[in-house]
Each structure stands twice: as C-alpha cells, then as structure tokens.
Amino acid sequence: MKGETSWISHCFDDMSKEVGGLDSFSELIDEGNKETTAVSVDLILPDDLLERILAFLPVASIFRAGSVCRRWHEIVSSKRFLWNFSNVLSQKPWYFMFTSSDEPVGYAYDPILRKWYGIELPCIQTPNWFIASSCGLVCFMDNDSRSELHVCNPVTKHCKKLEDPPGPKFPDYSALSISVNRTSHNYTVSVVKSKQVPGNFFQWDLSIHIYDSETRMWATSLTEVLTGWRGGDESVICDGILYFLIYSTGGGTPENRHGLVTYSLSGRSSPLLRSFIPVPGPLSCGRLMNLKEKLVVVGGMGKQDRPDIIKGIGIWVLEGRNWNEVARMPHKYFQGFGELDDVFASSGADDLIYIQSYGAPALLVFDMNQKLWKWAQKCPVSKKFPLQLFTGFCFEPRLEFAP
C-alpha cells in the first residue's frame, strides 16, 4: 500500500495548505449536523457506493478525504476509484498563479470551491519557462536552450523528462503545445522553432518537431523558410490540428501584423502560408487555447494611434476559416487591470477562460457557456514592489492521467 499511495499522501500535504476552508472531510459531509460523523457513514456504506460518492467531490476534497481513515485512504488511491473519478462530472479547470518572478512558487485557484491552494510544481525551475497543458498533464520547457522538456501531472506530482527535441539549439522563438488523448491517455507534444536566416531579417527558418508518447520518439515534421513572417511563442493543438501565430517582419499595417497558420499532425500539409488565416481585427497580441477542441483566441485590441497599447480585450472562436466574436471584456473589468500594453496572460480549458495582468495578482474568469465575467476570489498574495510581475497557466485537475 505504501508504494501505491505515497503520491496521494504527498498531494494531501500540499493541499492542506489551503487558504481558509473546512478542516476535515467529515465537515464537508455534514457541516450543519454535528451529530452525524464520518464514522457513521463509513459503517453504513459499502465500498462501491462510497467510491461513487467520493468520486463526485472536487479534487481538493478528495485529498482531505484520504486523511479521514485508512479505509478512505485506500479507496481514493485505488485504480477503480480513479476510473470512477474520470467518468463522473468533469472537474472545472484550475489556474496556477506564480507569485514570484524568480522562483516557481504560487497558488492554484479552484473555481468550484472558489479557494486558493498552495501547491508545489515539480520539474520547473523558473516561472519564465514555456508552459502548455492538456487534460490533466502539463508540459514545461526551459527558456534558455529550449531543449529541456518535462511532462507532469501537477496534482499527483508524477513527472517525466523527455528526450531533447531535434532542430536548432537556442532558437530565436519557440512555441510549445501538448494534446492528450482522453481515451488512450497517450499524448503529443509539439515544438515550433523559428530562427532568423543569418544576415536576412525578412527570412526565417521555421521547423515543427513532434513527440509521440506511444513511441517515445521525436520527429521533425516540417522545415520551411518563411519570407516576411516569423514564428512566435503561441501555439495550440485542437482536434489533431496544430495552430500557431506568425508575425510580420516587414512592418506592414496594424491590420496584418499577425497571422494564424495551421498544420495537420496526421499527414503532410501544403506550404504553411497557404493555410494562412487573418487574425480577427488589428490585434496587439493574441493568446491561443483549446476549449472543447475549438480554437479560441483572446486578443488585445490596440488603439488606432498607438496599436501597441490595448484599449480592450476580445474573445473569438474559429469556425472553419472565419472568426466568430464571443465577447468583449466590459470596461469596468478592463479598468480593474490598470493600463495594459502587450502584457496579459490568458489560458483556458473546458468552458472557462482565465485572464490576468502581468502587473497584478487579480484574476478574471469568463464562462463561455453563461457568457459571464467574474473576478476570482482574491489571491492570498500582494504586490510588494512596482516591478513585480505575475503570470500563470490553466490546467485540468485530474488524478487518472500520468505522463
């Protein structure tokens, strides 16, 4: 039992750092009725029924359930429980906010319980590493050589280091993405590298490198020279298609500073620029994300006279080759961030999109289903000096996925 369940004990230690909230799982069961205890429930319910009840709880509550008694600890650590957990109502995606510019420390926000938890991230060394997530797994890539990659489950702390990807070391720009198959639990990691052709600012070498967890091998899927465009640091995989933003190197007007290109992971594609899709409007910046296998972009809308300064933030979903505007951030929420330029983080999963300014720990949540904007509960950290930066990423809190 010790070897099988050591990870959940470790997770429980981290989740016990919860800011506020109930002290024991018995309080969750019957907070109002002090006469009813977890012991009485434990005596009445058989294992299979207790498993199903526990599987409907938020992830953080499951960890606390594991500390109630030995029987519950064994239940929430069993493979059968993990299967039940994966087949009940889906957990809402969490948001991890880094609270230091130098150390990879911070808090994770649970939108169901509206609570922040202090958790430790494995593998990552600094907050400026590249980060991508999918279906419970998170991929980290270092920001120096762009060759050290780790895939982990931030909840269970299971982690795996990948082989170094092929392609040029120390590229000028890199974009990282990961896609997990919910049925087989296999995953694909892509790294798009962009490096300037020596002596020619308008031409850039671009290469796409794909890792398959089933074969445990990298493959270079495409190498191409772009003229007038370069790669960047935004990419995402949706329904077997790799999307990434490219940026004009020839000046141009604000309307065509950015573009979107696609690459099919299942077969050969035409030259990248043939798949070019204009971005929605004159964006100053864009953040790509996969919401239920739909490509969504959260973009900053620049001012006419100063396109690098954001006057608002919009959300669009790609339908075929056309953009459908979903929402624009109301002015009262936009004001809450203070003045923004190209400095906001945004990521999402399922039906939730998180947006935060790099300059403050405030976190805004947009529900795609309800078309509702809402501030998250205040993060238990404050800005200590003017140049302190905050960033973060969204991930699904899942127990059953391992790298």
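Sorted by first and then second residue, the ring pair (Phe, Tyr, Trp, His ring centres under 6.0 Å) pairs with a member in residues 168-199 read Tyr173-Trp204, His185-Phe401; sequence neighbours excluded. Sorted by first and then second residue, the disulfide bond (SG atoms under 2.5 Å apart) pairs involving residues 169-237 (not counting sequence neighbours) form an empty list. For residues 160-237, there are no disulfide bond (SG atoms under 2.5 Å apart) pairs, not counting sequence neighbours. Contacts classified as side chain to side chain donor-acceptor pair (under 3.5 Å) and involving residues 360-372 (residues at least two apart or in different chains) are given here: Asp351-Asn369. The list of disulfide bond (SG atoms under 2.5 Å apart) pairs with a residue in residues 140-240, not counting sequence neighbours, reads Cys123-Cys159.
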Solution key, residues 162-169 side-chain donor-acceptor pairs under 3.5 Å, sequence neighbours excluded:
none

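Here the options are Trp375, Tyr95, Phe395, Trp94, the test is ring-ring contact (aromatic ring centres under 6.0 Å, His included), and the partner is Tyr354; only Tyr95 passes. When Tyr243, Phe244, Tyr247 are each tested for a side-chain contact (heavy atoms from CB on, under 4.5 Å) with Glu234, only one passes: Tyr247. The only option from Thr223, Leu272, Val261 that meets the side-chain contact (heavy atoms from CB on, under 4.5 Å) definition with Leu206 turns out to be Leu272. Ser177 pairs in a side-chain contact (heavy atoms from CB on, under 4.5 Å) with only one of the listed residues (Val192, Val189, Leu242, Val191), which is Leu242. The one candidate from Thr262, Leu288, Val297, Leu260 that meets the side-chain contact (heavy atoms from CB on, under 4.5 Å) condition with Leu318 is Leu260.
Taking the centre of each ring, Tyr109 and Trp116 come in below the 6.0 Å mark. Ring to ring, Phe98 and Phe96 are close: their centroids are under 6.0 angstrom apart.
With sequence neighbours left out, Ala327 forms a side-chain contact (heavy atoms from CB on, under 4.5 Å) with Phe366, Trp373. Considering only residues two or more places apart in sequence or on other chains, Ser174 meets the side-chain contact (heavy atoms from CB on, under 4.5 Å) condition with Phe130, Met141, Arg146, Pro171, Lys193. Not a single side chain to side chain donor-acceptor pair (under 3.5 Å) links Trp323 to another residue, sequence neighbours left out. With sequence neighbours left out, Asp142 forms a side chain to side chain donor-acceptor pair (under 3.5 Å) with Ser145. Qualifying side chain to side chain donor-acceptor pair (under 3.5 Å) partners for Thr227, counting only residues two or more places apart in sequence or in other chains: Gln203. Residues passing the side chain to side chain donor-acceptor pair (under 3.5 Å) test with Glu396 are Arg182, sequence neighbours excluded.
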> Should Glu319 and Lys294 be marked as a salt bridge (Lys or Arg N to Asp or Glu O under 4.0 Å) after you check the CA-CA gap, both sets of side-chain angles, and the distance that decides it?
Replying inline: CA-CA 8 Å; Glu319 302 285 355; Lys294 288 283 190 178; 3.1 Å; yes
> After noting the C-alpha distance and the side-chain angles of Ile237 and Ile178, does the key distance pass the side chain to side chain contact (heavy atoms under 4.5 Å, CB included) rule?
Replying inline: CA-CA 7 Å; Ile237 299 172; Ile178 182 173; over 6 Å; no
> What do the steps show when you test Ile131 against Leu176 for side chain to side chain contact (heavy atoms under 4.5 Å, CB included), and what is the final call?
Replying inline: CA-CA 7 Å; Ile131 303 173; Leu176 175 69; 5.8 Å; no
> Can you list the steps and then say if Thr188 with Ser179 is a side-chain hydrogen bond (donor to acceptor under 3.5 Å, both in side chains)?
Replying inline: CA-CA 5 Å; Thr188 300; Ser179 177; 5.9 Å; no
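Judged purely by atom type and a 3.5 angstrom limit, Ser100 has no side-chain atom pairing as donor or acceptor with the backbone of Val105.
Atom CD1 of residue Ile355 and atom CZ of residue Arg287 lie 10.5 Å apart, to the nearest 0.5 angstrom. To the nearest 0.5 angstrom, Ile208 atom CD1 is 7.5 Å from Ser190 atom OG. Atom CG of Asn128 and atom CG of Asp144 lie 7.5 Å apart (nearest 0.5 Å). Between the CG atom of Asp110 and the NZ atom of Lys92 there is a distance of 11.5 Å, given to the nearest 0.5 Å. Rounding to the nearest 0.5 Å gives a distance of 6.0 Å between CG of Leu363 and CD of Gln356. If you take CG on Asn181 and CD on Glu214, they are separated by 9.5 Å, rounding to the nearest 0.5 Å.
By the 4.5 Å heavy-atom criterion applied to side chains, Leu364 and Phe344 are not counted as neighbours. A 4.5 Å side-chain heavy-atom check between Pro280 and Glu325 finds every atom pair outside the cut-off. Tyr211 has its side chain out of reach of Val151: every pair of non-hydrogen atoms, C-beta onward, lies at least 4.5 Å apart. Here the side chains of Pro111 and Leu352 are in contact, with some heavy-atom distance below 4.5 Å. Side-chain contact between Met368 and Val296 is present, with at least one heavy-atom pair separated by less than 4.5 Å. Residues Leu245 and Val279 form a side-chain contact, since some pair of their non-hydrogen atoms from C-beta on lies under 4.5 Å apart.
The aromatic rings of Phe393 and Phe140 sit perpendicular, their planes meeting at an angle over 60°, well past the 30° parallel limit.
Counting non-hydrogen atoms of neighbouring residues, nucleotides and ligands closer than 6.0 angstrom, the NZ atom of Lys378 reaches no more than 12 such neighbours.
Nearest heavy-atom pair across Pro104 and Ile124 is CG-O, 3.5 Å. Across every non-hydrogen atom of Leu273 and Glu224, the tightest pair is N-OE2, 4.4 Å.
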